[in-house]
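For reference, the structure is listed below as structure tokens.
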Amino acid sequence: MSKRFYITTAIDYVNGQPHLGHAYEKIIADVIARSRRALGEEVFFLTGLDEHGQKVQQAAQADGKSAQAYCDELAVSWTALAAKLGLTNDDFVRTTSSRHKEVVQAILTKLHAEGHFYQAPRDGFYSTKEETFVTEKERLPDGTFPPHYGEVVKLSETNWYFKLGAHQQWLIDHIEANPSFIQPDYRRNEVLGFLKNNTLEDLCISRPAARLTWGIPIPFDTAYVTYVWFDALVNYISVPAAQGDPGVGLGSGVSGLGTSASDQSPQPPDARPHPPLSLWPADAHVIGKDIVKFHAVYWPIMLKAMTLPLPKQLLVHGWWQKDGAKMSKSTGNVVDPVAVIDDWGLDAFRFYVVRELDIGPDGNWTDAGFAARYQAELANGLGNLVNRSLSMLKRYRNGVVPARHDELAPDAAQAAADTISHLRASELQKALHSIWTLVTRANQYVDQTAPFKLAKDPAQAARLDEVLYNLVESCRVLAVLLHPFIPGTSAKIYAQLNLPGTPDKLALATWGGLPPGQVIGEPAALFPRRDTPKA
Ligand code: MSP
């Protein structure tokens with residue numbers, strides 16, 4: 001059984017409707033998953049929902065629903081979004097599923113038995129919004145707490161704590177020895193700075209059931225439910241466990257995880273029957289910049305305590321704003337991915353978010369910026385190239401592909417090599433830059449060779465054949481390179497070339513794949529020009 005390339009996204013809180021930020025993260029993970037498959041690797045791509053905790057409990061109460069009914073209803077819009085975005089996820093985790101809850105409880109039982117937890121009273125300040133204790137250190141100079149905490153209340157409570165003290169130094173050493181563990185580098189440096197300048201406080205892993213019922217009961221003390229982050233992070237291994245992954249269920253790991261989810265209870269409805277998969281450790285956790293500490297500090301420590309290997313990489317993306325301001329439902333300042341897709345098409349949306357924002361910095365959405373890129377890069381760039389190349393072949397050669405000619409072969413080979421090396425490094429925006437060097441070069445080639453003039457001169461028939469081969473073959477190579485990003489468009493180009501199958505393997509990007517004599521199909525606009533860009 002060979003280890004799959006295992007990639008995950010953050011699991012979204014289910015207390016609201018999905019927006020651009022959630023969609024962006026899922027799309028970059030999907031592009032990476034598709035790229036790896038296109039490189040010939042076996043992939044497992046996981047996304048899903050984080051359904052427990054106070055926020056969800058409160059939102060359900062406000063809606064007059066039971067928490068589970070509320071989650072079930074909202075889960076419909078979130079799973080619909082995954083389909084709408086064209087995600088190729090292999091599984092979809094919901095933290096309220098029995099397969100997940102059983103694994104969380106198995107881990108808590110094991111770590112408790114091994115002495116990782118203790119119970120203690122604490123007087124302090126608590127942020128309900130963030131569901132976390134806030135320390136004095138975090139007070140701002142004016143005595144208040146940072147606004148993202150919302151209302152901060154005084155709280156005296158006895159809870160269960162996870163001892164972190166012994167973990168600080170090995171974690172620093174691990175991050176220093178593995179520069180690719182946290183990417184980009186500036187996020188890695190922030191984590192190192194935090195770990196070197198602070199003493200880790202033990203992590204509170206319980207919430208009293210008296211004030212929060214919507215959580216996984218702590219198996220050794222049912223007066224408590226599990227802290228939502230301890231529950232949520234475990235999704236990255238509870239799904240592998242349910243998939244029978246020996247990497248989390250056997251050996252020195254959490255013993256019996258794999259069996260607790262499948263063998264000791266009836267088959268959970270959300271587990272798929274198939275042979276066991278080898279997934280853990282994850283190759284990439286794709287997450288936003290606001291949840292780095294949970295993934296770079298708590299999660300590695302939880303795994304170490306379970307004697308499981310650490311994920312290979314945390315790939316941290318920035319945040320989108322809209323029109324220079326934070327996206328917020330209350331002010332109505334949000335980008336609804338479903339509305340954009342309905343208006344402009346899925347591939348226009350997928351292309352834009354990856355092309356506009358590199359994985360790392362923050363970005364800003366404007367409708368005008370979106371429309372401008374659509375027009376310049378998709379309608380006038382790629383769309384125009386494919387449409388005029390295929391239309392000329394149709395008009396001048398009845399759609400029959402002429403003999404092979406290699407004038408643009410070096411440009412295509414360079415673009416393909418650069419794209420592949422960027423995809424291997426999850427440099428998605430750079431990969432699109434490389435692909436566009438071929439779009440631009442081929443469009444220039446049309447202008448330089450002027451096939452419409454060659455067509456008027458019978459003495460130039462052989463030259464016209466050469467030019468047309470170079471153009472349609474460039475379009476074919478582009479279809480292959482674009483597949484991970486805009487799979488629908490890539491399939492349309494292949495269909496218009498009347499080629500069988502899907503261009504879903506990067507090996508197909510080798511020049512010369514278009515057989516002379518091939519009769520292409522009907523050209524049709526891929527990205528129709530829009531005359532009135534929406535402001
Ligand atoms: N439930 C936790 C994650 C648990 S992972 C074990 C959570 N959920 S969330 O719904 O608040 O956020 C989910 C993801 O969306 C996070 O990675 C977050 O950074 C990302 N984004 C939320 N708003 C965003 C933007 N405005 N822009 C880009 N990504 C944003 O945190």
Side-chain angles (χ1 to χ4, degrees), residues 7-30 46-57 59 71 74-75 77-78 81-82 85 87 92-96 100 103-104 107 127 129-132 148 150 182 187 203 214-216 226-240 282 284-300 302-303 311 314-331 333-337 352-354 356-365:
I7 181 165
T8 69
T9 67
I11 50 172
D12 299 316
Y13 288 127
V14 76
N15 63 330
Q17 295 293 334
H19 62 54
L20 167 66
H22 307 115
Y24 170 67
E25 175 175 285
K26 308 315 172 270
I27 288 173
I28 55 182
D30 184 64
L46 177 65
T47 186
L49 290 175
D50 189 354
E51 303 190 4
H52 289 124
Q54 197 147 351
K55 286 189 221 193
V56 175
Q57 181 171 298
C71 289
L74 272 174
S77 10
W78 287 88
L81 178 73
L85 297 175
L87 302 188
F92 189 93
V93 61
R94 294 185 56 188
T95 54
T96 51
H100 171 76
V103 174
V104 172
I107 291 168
S127 150
K129 182 160 172 253
E130 296 288 318
E131 298 182 45
T132 187
H148 71 270
I182 304 170
R187 295 288 171 219
L203 178 68
W214 190 233
I216 301 177
T226 311
Y227 170 45
V228 66
W229 268 102
F230 193 99
D231 160 0
L233 287 162
V234 168
N235 92 86
Y236 301 134
I237 57 172
S238 68
V239 169
H285 290 317
V286 180
I287 55 164
K289 64 176 186 178
D290 55 320
I291 55 175
V292 173
K293 186 173 164 190
F294 297 99
H295 286 80
V297 179
Y298 301 138
W299 180 227
M302 286 164 67
L303 288 163
L314 308 178
L315 195 54
V316 184
H317 64 78
W319 268 41
W320 284 90
Q321 294 192 322
K322 175 166 192 273
D323 300 326
K326 186 175 160 52
M327 276 198 281
S328 139
K329 233 178 26 179
S330 51
T331 58
N333 192 46
V334 279
V335 179
D336 172 7
Y352 178 75
V353 293
V354 179
E356 174 69 18
L357 185 56
D358 197 10
I359 300 176
D362 290 337
N364 185 34
W365 175 287

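Atoms within a ligand are numbered from 1 in the order they appear, just like the ligands themselves. All of these numbers come straight from a predicted model, not from anything done at the bench.
- Within the 4.5 Å cutoff, the side chain of Val56 has no heavy atoms near those of the Glu51 side chain.
- Every N/O-N/O distance between Met327 and ligand 1 stays at or above 3.5 Å.
- Looking at ligand 1, you won't find any N or O of Tyr24 less than 3.5 Å from one of its N or O atoms.
- Distances between N or O atoms of Ala232 and those of ligand 1 include no value under 3.5 Å.
- Distances from atom 8 (N) of ligand 1 to the heavy atoms of Phe294, Trp229, Tyr13 put Tyr13 nearest.
- For Trp229 and Tyr298, the distance between ring centers is not under 6.0 angstrom.
- The atoms of ligand 1 that sit less than 4.0 Å from any heavy atom of His317 are 28 (C), 29 (N).
- Aromatic ring centres of Trp78 and Phe92: separated by at least 6.0 Å.
- Looking only at protein heavy atoms, the nearest one to atom 23 (N) of ligand 1 is His19 CE1, 3.4 Å.
- The closest approach between Gly318 and ligand 1 falls below 4.0 Å for a heavy atom of the residue.
- Polar contact with ligand 1: absent for Lys289 (N/O pair, distance under 3.5 Å).
- What sits closest to atom 17 (O) of ligand 1 on the protein, heavy atoms only, is Glu25 OE1, 2.6 Å.
- Within the 3.5 Å criterion, the main-chain N or O of Trp214 finds a donor-acceptor partner in the side chain of Gln57.
- Listed by atom number, the atoms of ligand 1 under 4.0 Å from Gly288 heavy atoms are 17 (O), 19 (O).
- For atom 15 (O) of ligand 1, the closest non-hydrogen atom of the protein is His22 CD2, 3.6 Å.
- Between Asp12 and Leu49, some side-chain heavy-atom pair lies under the 4.5 Å cut-off.
- Judged purely by atom type and a 3.5 angstrom limit, Asn333 uses its side chain to pair as donor or acceptor with the backbone of Lys322.
- Those atoms of ligand 1 with a heavy atom of Tyr236 less than 4.0 angstrom away are 5 (S), 6 (C).
- Here's the thing with Asp50: one of its N/O atoms is less than 3.5 angstrom from an N/O atom of ligand 1.
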